[in-house]
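Note sheet for the following structure.
All ligand and atom numbering here is 1-based and tracks the order in the structure.
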Amino acid sequence: MKPSTAVSVCGIALANPIVAASGTFGYGLEFRDMMDLRALGGIVVKGLSKDPIDGNAAPRLWEAEQGMINSVGLQNIGVRAFVREKLPALSTAGTNVFANIFGYAAEDYLEVVRVLEDSEGLAGYELNVSCPNTKHGGIFFSNDPEALGELIASVKLVARRPVIVKLSPNVARIEPLAVAAEQSGADAISLVNTFVSLAIDARTRKPRIGAGFGGLSGPAIKPIALRMVYQASRAVRIPVIGMGGIASGEDAAEFLIAGATAVEVGTATFWDPTAPRRIARELESFLVQQKIDDVRSLTGTLEL
Ligand SMILES: Cc1cc2nc3c(=O)[nH]c(=O)nc-3n(C[C@H](O)[C@H](O)[C@H](O)COP(=O)(O)O)c2cc1C
């Protein structure tokens, strides 16, 4: 019998737990000719800001050992152009579309949410909180439970759609941030974003990335991401979306076992543009092999 792959994340029905991660799947439309987007649990579009952003100086990507370092600088067309030029086609793709949102002050996030609230075709919001809060001396929202809580509470006042808060792994302990997100009204949390890192060219003695530091993603981070997803999911009752280096159906199963309800696939798409689709198929095959009739029965079953 075909196993059941459907999951629900804060009231949003996903055909399967596999979602394309922000910043690695463009605005989704770029992948329409490569795969049936209906076969995915959802798509998170690249981060949206109130105004368009050109991004950082090149080089923006560096292939590291078992991973990738990027400092794209959150290049995007701005929320208004997204609503005008991308969302109409995207909303007919037959999958859940999540808008990833970032800013440098609470007002930035609120402006983006307000614009999106006036449009149809989105399942929910994912807040990227791994940005410095320029109004408060550049302390990262993702590092400060109080600033994080205030941001989420203010977004929740204007958002009628579910709010997923995407946590940064660049913290000593993830639990206080996960708890702050839950207590201030987050409907779900997702983790992990990239790890701050540095690649050096020994010959030129310069960073490999134009902006200096970059974010490490891909298989290299998977074991750390799994540990953090486990810890975060034990600390909260809201659903957890796990990610970090997922490249196969079995990797996805590991994140579910660690405590995630759904997962996101990012860097794998850079070497296999159909990775989210393939991973959804592989997860289903894994369920068949393991004689598991419902994917939901995997979540949080780690024996530790
Ligand atoms: C090139 C690139 C751009 C990214 N842009 C964003 C972004 O705009 N917003 C965001 O929340 N995360 C962004 N991320 C982080 C990913 O969504 C994901 O959290 C991270 O890469 C870990 O998953 P992975 O190892 O499967 O890539 C980006 C990652 C990469 C590699």
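- Taking CG from Leu40 and CZ from Phe25, the interatomic distance works out to 5.5 Å, rounded to the nearest 0.5 Å.
- A continuous path of ILVMFWY side-chain contacts below 4.5 Å connects Ile257 to Leu287, so both sit in one hydrophobic cluster.
- If you number the atoms of ligand 1 from 1 as listed, the ones under 4.0 Å from a heavy atom of Leu74 come out as 7 (C), 8 (O).
- A single hydrophobic cluster is seen to contain both Val115 and Val158, as judged by linkage of ILVMFWY side chains at heavy-atom distances under 4.5 Å, directly or through other members.
- Close approach of ligand 1 to Phe270 (heavy-atom distance below 4.0 Å) involves ligand atoms 1 (C).
- Annotation for Ile200: hydrophobic cluster partners, listed by chain and number, are Val196, Leu198, Phe213 (ILVMFWY side-chain heavy atoms under 4.5 Å, direct or chained).
- Across the listed options Gly266, Ser22, Gly23, Gly245, Ser22 owns the non-hydrogen atom lying nearest to atom 16 (C) of ligand 1.
- Screening Ile18, Asn16, Leu283 against Thr5 for a side chain to side chain contact (heavy atoms under 4.5 Å, CB included) leaves a single residue, Asn16.
- Considering backbone and side-chain N/O of Thr194, none are found under 3.5 Å from N/O of ligand 1.
- In the vicinity of Met68, heavy-atom distances shorter than 4.0 Å reach the ligand 1 atoms 31 (C).
- Looking from atom 8 (O) of ligand 1 to the surrounding protein, the closest heavy atom is Gly47 N, 3.2 Å.
- Contact between Leu216 and Ala64 at its shortest, heavy atoms only, is CD1-CB, 4.2 Å.
- Annotation: atom 11 (O) of ligand 1 to nearest protein heavy atom, Asn100 ND2, 2.9 Å.
- Proximity annotation for atom 30 (C) of ligand 1: of Ile246, Leu167, Asn70, Val19, Asn70 comes nearest, heavy atoms only.
- Within a 6.0 Å sphere centred on CD of Glu63, heavy atoms belonging to other residues, nucleotides or ligands number 12 at most.
- Using a non-hydrogen distance threshold of 4.0 Å, Phe102 does not register as a contact of ligand 1.
- The hydrophobic cluster of Leu157 has no other members, since no ILVMFWY side-chain heavy atom comes under 4.5 Å of it.
- The protein non-hydrogen atom at the shortest distance from atom 21 (O) of ligand 1 is Ser217 CB, 3.3 Å.
- Defined by atom type and a distance below 3.5 Å, a donor-acceptor pair is present between the side-chain atoms of Ser49 and Asn76.
- In terms of protein heavy-atom proximity, atom 15 (C) of ligand 1 is nearest to Asn193 OD1, 3.4 Å.
- The protein heavy atom nearest to atom 22 (C) of ligand 1 is Val192 O, 3.7 Å.
- For atom 12 (N) of ligand 1, the closest non-hydrogen atom on the protein side is Lys166 NZ, 3.0 Å.
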